[in-house]
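For reference, the structure is listed below as structure tokens.
Since we're looking at a predicted model, the values are computed, not measured. Only this structure's heavy atoms are used, side chains among them; waters, hydrogens and symmetry mates stay out.
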Amino acid sequence: MMRLRKAVLVLKYLGPRWAAYRLKYALELRTGMVARRSPLQTWDQIPASELLPDWLQAPLWPAAGSAWGTQCIDEADGLSLGQFVLFSAHEKHLGCPPNWHRNSFTGQQAPRGRHWSQLGDFDFGDIKAIWEPSRFGWAFTLVRAHARTGEARLAELFWKLFEDWCTQNPPNEGVNWKCGQEATFRLIATTLAVAQFGRLPGATPERIKLWSRFVMATGSRINANLDYALSQSNNHGISECIGLLTASLLTPAAPAGWSTRALAHLQKQLDELIYPDGGFAQHSLIYHRVLLHDLYWMIALLRRAGQPVPAWLETKTRSALVFLTQITDPATGLAPLYGANDGARILPLEESSFQDMRGTIQAGWVLLNNQRVFPPGPWDEAAFWSTGQNPGNSSLNPRVNAERVHFPDAGVFLWSSGPTRLFLRCQTSFRHRPSQADMLHVDLAWQGRPIAIEAGTYSYNTTGPFNGALARADAHNVPMLVGREPLQKAGRFLYLPWPNGTAEWAKSQQSFSSSHDGYGAASHLTRTITSPQQGVFAVTDAINLPQPGRVRLHWLLCDHDWKLDEVAQTLSARFPEGMFTLSWQASVKIASVTVVRADPTTARGWQSRHYLEAEPAVSLELLFDVDSALEVTTRFAPMAH
């Protein structure tokens, strides 16, 4: 019965066409048809061209670049010693060259000699730990360091690592060919590197020939399995269309149909997956940045190649950029880390923290409008690499974010009250699969400092207490029924059914309310946001139950020395900016109040800002025994110096 119900839900939410294709694809995998479409080959079997496109060359490094930081030089020196930075956080000694098939977090080894379609996604720990060095993020480091220093050894190091990767990863062999999106990211990185290094003495004809074969092999791999990527209705289809179009622009050996196919499907993907309000179908900050990086790359490459940029491509890119700009704090570059986070940063082109969105935003506005929205800073470097021009020559036109903004399609609401900024997830319906069980989740920042926070992701495939834990509702800042999640897992990345909800301003425009029906008839939850005075927010949760039950209200807070006063019903912390206090009042007596920091046996009291990294946070849990109704208000109030 459970299997039958799941099948019915899959047909309802994903559609019969999707289900039919996935059944067909599973059959093609089992019969070896997928492997025959993208066969194992040697590099010598791939057509090669010894020439570089005339338009593919690095821009001249501007004098303004001296102010953009030198951390990349230190990282490049580390690479020569085998020291890699993974997921923007983990320094790992992998060797130079590294073992490209080893999971450096667990020591697990993926096999050689087998077609990628014969390898499982979850057979070697978290496969992203193997893929990360093969995303070639290190190539951006070498390019940026070389632009600053001109040292030939950096170009030689790129070629050394690239040649070894090719030796250890023949076309379609092994785990690093398993994902066409990963192949796209690798192609983007090598294209920028060859633009920087391809006309230096170390770029021998043999190396350029190998790279041209690499381009052709990557395009062939993507083209052979593009339908599967498109069926995912997420960034995979977009990235792989862009990878295919990139390959078609770079090599004269590319079939003529690659470009036509890539553009046609890319337009369909953007129409479907970028919502009218600029939100993205993956309901995730980090994947929204992946989307923009993909689109920036395509626009920049088409311009350099002298090809027309379709109006629909620029229009959709601008819409997604406006959305990211509005949800980002311009003073810190931080935006709420909502949704899934796999550590992706596919265009690491400036010296900033992983969550700083200013480089992405600045690059987009310079690329599309020839305008900067931020004054000079390290974020300008991303704009330079995206356009080939010194962004200092662009006019400065700062954007003022709206005090209150609701993106109904994206399911996002923001309200700035003085120095305090509140973010609410308020999806009324899901056109595409939910990313996490985060309906009604609230983030809150004060003076640019995160106070109430998102837990993050940690890993898509791990064991122990973090196995899927941070995606659940009980890790979010939400009211919920104790012991019962509002979304039910039907697969590793699939919840069924999808909930509906409401999100609207009161007639007075003084309060914003949202609800969801994830519990069906078992409960009705409504969350209402007000700002009774500047800098203060009150979050009121109303829960109605048809029969008695226990209700949990949870707040995950930044790691700090929080002091609980159960009598006064407050939790307070002193920051350099002043005191900040949470207080609560309820219509029902509280059954228990607990504060936990970094529980060593569970995922409670942890956050994961970077993939495969857990950091302490503070978890406040309020439990209530409810007969039929509960109303509880949490007040967030700063007291500045």
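- From K316, atom NZ reaches atom CD1 of I238 across 10.0 Å, with rounding to the nearest 0.5 Å.
- There is a side-chain donor-acceptor pair under 3.5 Å between W555 and T634.
- There is no side-chain donor-acceptor pair under 3.5 Å between T457 and S608.
- Aromatic ring pairs are classed by plane angle as parallel below 30°, tilted from 30° to 60° and perpendicular above 60°; the pair W165 and W177 is tilted.
- The aromatic ring centres of W138 and F136 sit less than 6.0 Å apart.
- Judged purely by distance below 3.5 Å, without hydrogens or angles, the side chains of E454 and N341 never pair a donor atom with an acceptor atom.
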Stepwise side chain to side chain contact (heavy atoms under 4.5 Å, CB included) test for F140 and I188
CA-CA 10 Å; F140 293 93; I188 289 172; 4.3 Å; yes

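- Both the sub-6.0 Å distance and the 45° axial angle are not jointly satisfied by R597 relative to the ring of W562.
- Between F323 and F407, the ring-plane angle classifies as perpendicular under the 30° and 60° cut-offs.
- A 4.5 Å side-chain heavy-atom check between L422 and F636 finds every atom pair outside the cut-off.
- In this structure, Y338 has its ring center at least 6.0 angstrom away from the ring center of H283.
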Report the C-alpha distance between V539 and W584 in whole Å, list the side-chain angles of each, state the deciding distance to 0.1 Å, and finish with yes or no for side chain to side chain contact (heavy atoms under 4.5 Å, CB included).
CA-CA 9 Å; V539 179; W584 49 92; over 6 Å; no

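- The minimum heavy-atom distance linking A603 with P465 is given by the pair CB-O, 3.6 Å.
- Note: W415 and F537 meet the aromatic proximity criterion, with ring centroids under 6.0 Å apart.
- Looking at every heavy atom in both residues, N235 comes nearest to D294 through O-OD2, 4.4 Å.
- When side chains are defined from C-beta on, N477 counts as touching H554, because their heavy atoms get closer than 4.5 Å.
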Could you list the donor-acceptor pairs under 3.5 angstrom formed between side-chain atoms of residues 490-501 and any protein atom two or more places apart in sequence or on another chain?
from : atom 1 : to   : atom 2 : distance (Å)
R492 : NH1    : Y460 : O      : 3.1
R492 : NH1    : N461 : OD1    : 3.3
W498 : NE1    : Y495 : O      : 2.8

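- A cation-pi arrangement is absent between R484 and Y519 under the rule of less than 6.0 angstrom and at most 45 degrees off the ring axis.
- Atoms NE2 and CG, from H516 and L525 in turn, are 4.5 Å apart once rounded to the nearest 0.5 Å.
- Looking at D329 and R421, no side-chain N of the basic residue comes within less than 4.0 Å of a carboxylate O on the acidic one, giving no salt bridge.
- One finds the OG atom of S319 at 12.5 Å from the OH atom of Y275 (value rounded to the nearest 0.5 Å).
- A search for salt bridge (Lys or Arg N to Asp or Glu O under 4.0 Å) contacts involving E182 returns R135, not counting sequence neighbours.
- Nearest heavy atoms, F423 versus V412: CE1-CG1, 3.5 Å.
- Looking at W297, its side chain never comes within 3.5 Å of a backbone N or O of I346 through a donor-acceptor pair.
- Taking T633 as the reference, A538, T540 meet the side chain to side chain contact (heavy atoms under 4.5 Å, CB included) condition, with sequence neighbours excluded.
- One side chain, Q108 or T106, offers a donor N or O that lies under 3.5 Å from an acceptor on the other.
- R431 has a carboxylate O that lies under 4.0 Å from a charged side-chain N of D409, or vice versa, which qualifies the two as a salt bridge.
- Side-chain contact between H90 and L612 is present, with at least one heavy-atom pair separated by less than 4.5 Å.
- Judged by distance alone, the side chains of R425 and Q436 never bring a donor and an acceptor atom under 3.5 Å apart.
- For the pair E240 (side chain) and Q181 (backbone), a donor-acceptor distance under 3.5 Å is present.
- With respect to K268 and E272, no salt bridge is recorded, no charged nitrogen being found less than 4.0 Å from a carboxylate O.
- A donor-acceptor distance shorter than 3.5 angstrom exists from the side chain of H115 to the backbone of S38, with no hydrogens or angles considered.
- At least one test fails for K128 against the ring of F87: distance under 6.0 Å to the centre or angle within 45° of the axis.
- Separation of atoms CG (L444) and CG (L582) is listed at 8.5 Å; rounding is to 0.5 Å.
- Applying the salt bridge (Lys or Arg N to Asp or Glu O under 4.0 Å) test to D474 and every residue at least two apart in sequence or in another chain returns R472.
- No donor-acceptor pair under 3.5 Å is formed between the side chain of R102 and the backbone N or O of A110.
- Ring-plane geometry between Y21 and Y228 is classed as tilted, the angle between the planes lying from 30 to 60 degrees on a 0 to 90 degree scale.
- T360 approaches L321 most closely through the heavy-atom pair O-CD1, 4.4 Å.
- In this structure, a donor-acceptor pair under 3.5 Å is present between the side chains of D599 and T602.
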For R433 and N234, run side chain to side chain contact (heavy atoms under 4.5 Å, CB included): C-alpha distance rounded to whole Å, both residues' side-chain angles, the deciding distance at 0.1 Å, then the answer.
CA-CA 10 Å; R433 57 187 176 179; N234 61 17; 3.1 Å; yes

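- Residues A617 and L557 approach most closely at CB-O, 3.4 Å, considering heavy atoms.
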Begin with the C-alpha distance, continue with both residues' side-chain angles, and end with the deciding distance and a verdict on side chain to side chain contact (heavy atoms under 4.5 Å, CB included) for S514 and L440.
CA-CA 7 Å; S514 180; L440 305 186; 3.4 Å; yes

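- Between the OG atom in S515 and the CD1 atom in I543 there is a gap of 12.0 Å [rounded to 0.5 Å].
- For the pair L226 and H265, the tightest heavy-atom approach, listed with the atom from each and the gap, is CD2-CD2, 4.3 Å.
- Under 3.5 Å, the side chains of S459 and D126 contain a donor-acceptor pair of N or O atoms.
- Residues Y458 and W606 keep their aromatic ring centres 6.0 Å or farther apart.
- The side-chain heavy atoms of V618 and V595, taken from C-beta on, include a pair separated by under 4.5 Å.
- Between R552 and S592, the side chains place no donor N or O within less than 3.5 Å of an acceptor N or O (distance only, hydrogens not considered).
- The NE2 atom of H288 sits 7.5 Å away from the CD1 atom of I274 when rounded to the nearest 0.5 Å.
- With sequence neighbours excluded, the residues satisfying salt bridge (Lys or Arg N to Asp or Glu O under 4.0 Å) with D227 are R261.
- One N or O on the side chain of E173 and one on the backbone of G113 form a donor-acceptor pair closer than 3.5 Å.
- Sorted by first then second residue, the ring-ring contact (aromatic ring centres under 6.0 Å, His included) pairs that include residues 468-490, not counting sequence neighbours, are H441-H476.
- Between L9 and K6, every side-chain heavy-atom pair lies at or beyond the 4.5 Å cut-off.
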